[in-house]
Amino acid sequence: MDLKDFGIQGKNTKFTFTRSDGTTLYTTRDIAYHLNKFARSDRVIDVLGEDQKLGSKQLCSVLEILGHDKMPEPLFYSFVSLPEGKMSTRKGVVVYLDDLIDEAVAHAYDEIKSRVETRNSDMTEERMREIARIVGTGSIRYNIVRVQPEKQLVFKWSEALNFDGNSGPYLQYVHARACSMLRKAGEYQRDTDPSKLTDPMEVNLVKKLSRYEEVLREAGDGKRVHMLPAYGHELAVAFNQFYAAVSVLDAGPRRDARLTLVECTKTVLADVLDCLGMGAPEEM
């Protein structure tokens, strides 16, 4: 099939459906796969490496020729590289995902165990292992999706496994802190009276919370997943500033209003983590 009228130039204008022996090519099978996906979904998003742009263009061109109005929405990701350069299996310069997950979980376990010992907590070994798995795998996922798809990601262990700053463990820890505050508070009445939230840090936190619906919609409609971790980090920072600026458990007549604000933050952070495919542990 000649695809020159679809903006494809050079030798790539000729799209081949089958080899001389009758077997099909990858993109040929992809046509059938997408026709099946269209029948099962309202919207199709193809997450691809940046080297698949030509194949995606060929696929969409053929689907258009076949008379299909529905088209896949390609989302191209740049390649992951290491500080020493591009990965190469041939040269042995590569990080395997299984090794990465094992390393992340082990690091998370050491960090959690250290925190438990410092606090003299009675957390069981089984629970520490469970939380380490949630935090370790989440740290990798967060470190990848926080970068815009079109930007190259230079993978650094120090960033992926960092428990402070713009990282998955940081969001999870702030969520766990909010859960801990609510457990210590015991019973309270939800209070949404804005006149009781006048401190600048309270106002800032409320404003951050109010943006979530807008961020979530834009991230979904525009395929801009990196907006979610960016927002989650902003919210976590705002909560920590609020936590440091005002008393919550001993706030007198403002106690219920501030605890309600803590609960709202916990709920939104848990939702952000869930949208990113990460767990939201209630203790760390």
Side-chain angles (χ1 to χ4, degrees), residues 108 111-112 114-116 118-119 121 131 134-135 138-139 142-143 145-147 159 161-220 224-276 278-284:
E111 182 71 22
I112 291 167
S114 175
R115 292 170 182 266
V116 167
T118 300
R119 298 194 304 262
S121 171
I131 295 175
I134 294 172
V135 172
S139 69
Y142 184 97
N143 191 57
V145 300
R146 70 182 177 87
V147 179
E159 292 180 354
L161 304 178
N162 185 16
F163 273 64
D164 298 300
N166 189 4
S167 68
Y170 178 72
L171 260 66
Q172 291 170 320
Y173 180 71
V174 173
H175 173 267
R177 168 174 281 176
C179 292
S180 176
M181 293 174 67
L182 294 174
R183 283 196 301 271
K184 291 178 181 178
E187 294 185 2
Y188 66 95
Q189 297 292 322
R190 287 178 179 168
D191 187 347
T192 57
D193 182 358
S195 67
K196 296 179 181 177
L197 300 173
T198 57
D199 185 273
M201 294 299 101
E202 293 174 325
V203 174
N204 180 56
L205 181 55
V206 170
K207 288 181 177 179
K208 294 293 184 186
L209 288 167
S210 70
R211 289 184 52 234
Y212 183 48
E213 183 178 358
E214 174 189 350
V215 171
L216 191 60
R217 182 182 297 108
E218 186 174 348
R224 296 166 57 82
V225 182
H226 63 279
M227 292 182 64
L228 278 176
Y231 170 79
H233 180 251
E234 288 181 15
L235 180 61
V237 170
F239 179 78
N240 274 344
Q241 292 172 339
F242 154 77
Y243 172 78
V246 302
S247 174
V248 176
L249 300 182
D250 299 318
R254 299 174 185 266
R255 181 177 186 271
D256 285 352
R258 288 177 178 174
L259 284 170
T260 302
L261 190 53
V262 172
E263 182 184 359
C264 290
T265 305
K266 176 189 80 73
T267 301
V268 172
L269 277 176
D271 201 66
V272 170
L273 291 167
D274 182 62
C275 286
L276 294 174
M278 300 167 58
E282 296 187 359
E283 55 182 341
M284 283 177 64

Got a sec, which residues hit salt bridge (charged side-chain N to carboxylate O under 4.0 Å, His left out) with [X], two or more places apart in sequence or on another chain?
X	answer
Arg183	none
Glu218	Arg224
Glu187	none

Heavy-atom side-chain contact between [X] and [Y] under 4.5 Å:
X	Y	result
Thr265	Leu205	yes
Asn204	Phe242	no
Val203	Leu197	no
Leu182	Tyr188	yes
Arg115	Tyr173	yes

Measuring from [X]:[atom1] to [Y]:[atom2], what's the distance to the nearest 0.5 Å?
X	Y	atom1	atom2	result
Phe239	Leu209	CZ	CG	10.0 Å
Arg254	Thr198	CZ	OG1	4.0 Å
Ser121	Ile112	OG	CD1	11.5 Å
Tyr142	Leu273	OH	CG	9.0 Å

Under the side-chain contact (heavy atoms from CB on, under 4.5 Å) test against Pro229, which residue among Arg146, Met278, Glu234 passes?
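Exactly one candidate clears the test, Arg146.
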
Using the side chain to side chain donor-acceptor pair (under 3.5 Å) criterion, which residues pair with [X]? Sequence neighbours excluded.
X	result
Ser195	Asp193
Arg190	Glu263
Asp191	Lys196
Tyr243	none

Give a yes or no on whether the backbone of [Y] and the side-chain of [X] come within a donor-acceptor separation of less than 3.5 Å.
X	Y	value
Glu214	Arg211	no
Arg255	Asp250	no
Arg258	Ser247	yes

Problem - Derivation of the side chain to side chain contact (heavy atoms under 4.5 Å, CB included) call for Val248 and Val262 - result: CA-CA 9 Å; Val248 176; Val262 172; 4.2 Å; yes

Checklist entry - For Val237, which residues count as a side chain to side chain contact (heavy atoms under 4.5 Å, CB included) partner, sequence neighbours excluded? => result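 Tyr170, His233, Gln241.
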
Taking only residues two or more places apart in sequence or in another chain, which ones pass side chain to side chain contact (heavy atoms under 4.5 Å, CB included) with Ser139?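 By the side chain to side chain contact (heavy atoms under 4.5 Å, CB included) rule, Ser139 matches Ala104, Leu161, Pro169.
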
Tell me the closest heavy-atom pair linking [X] and [Y], and the distance in Å.
X	Y	value
Gly232	Leu269	O-CD2, 3.9 Å
Asn143	Val147	O-CG2, 4.0 Å
Gln189	Asp256	O-CB, 3.1 Å
Lys208	Ala238	CG-CB, 3.8 Å

Donor-acceptor contacts under 3.5 Å from residues 174-181 side chains, at least two apart:
residue : atom : partner : partner atom : Å
His175  : ND1  : Pro281  : O            : 3.0
Arg177  : NH1  : Asn240  : OD1          : 3.0

Exercise. With sequence neighbours excluded, what pairs up with Tyr212 under the ring pair (Phe, Tyr, Trp, His ring centres under 6.0 Å) test?
Worked result: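 Tyr212: ring pair (Phe, Tyr, Trp, His ring centres under 6.0 Å) contacts with Tyr231.
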
Can you list every pair that meets ring-ring contact (aromatic ring centres under 6.0 Å, His included) and has a residue in residues 253-274, with sequence neighbours left out?
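Passing the test, one end in residues 253-274: no pairs.
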
Between Val272 and Leu216, does a side chain to side chain contact (heavy atoms under 4.5 Å, CB included) hold up when you go through it step by step?
CA-CA 9 Å; Val272 170; Leu216 191 60; over 6 Å; no

Legend entry - Flag if over 12 foreign heavy atoms under 6.0 Å of CD, Glu111: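 Counting neighbours around CD of Glu111, more than 12 heavy atoms of other residues, nucleotides or ligands fall under 6.0 Å, so yes.
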
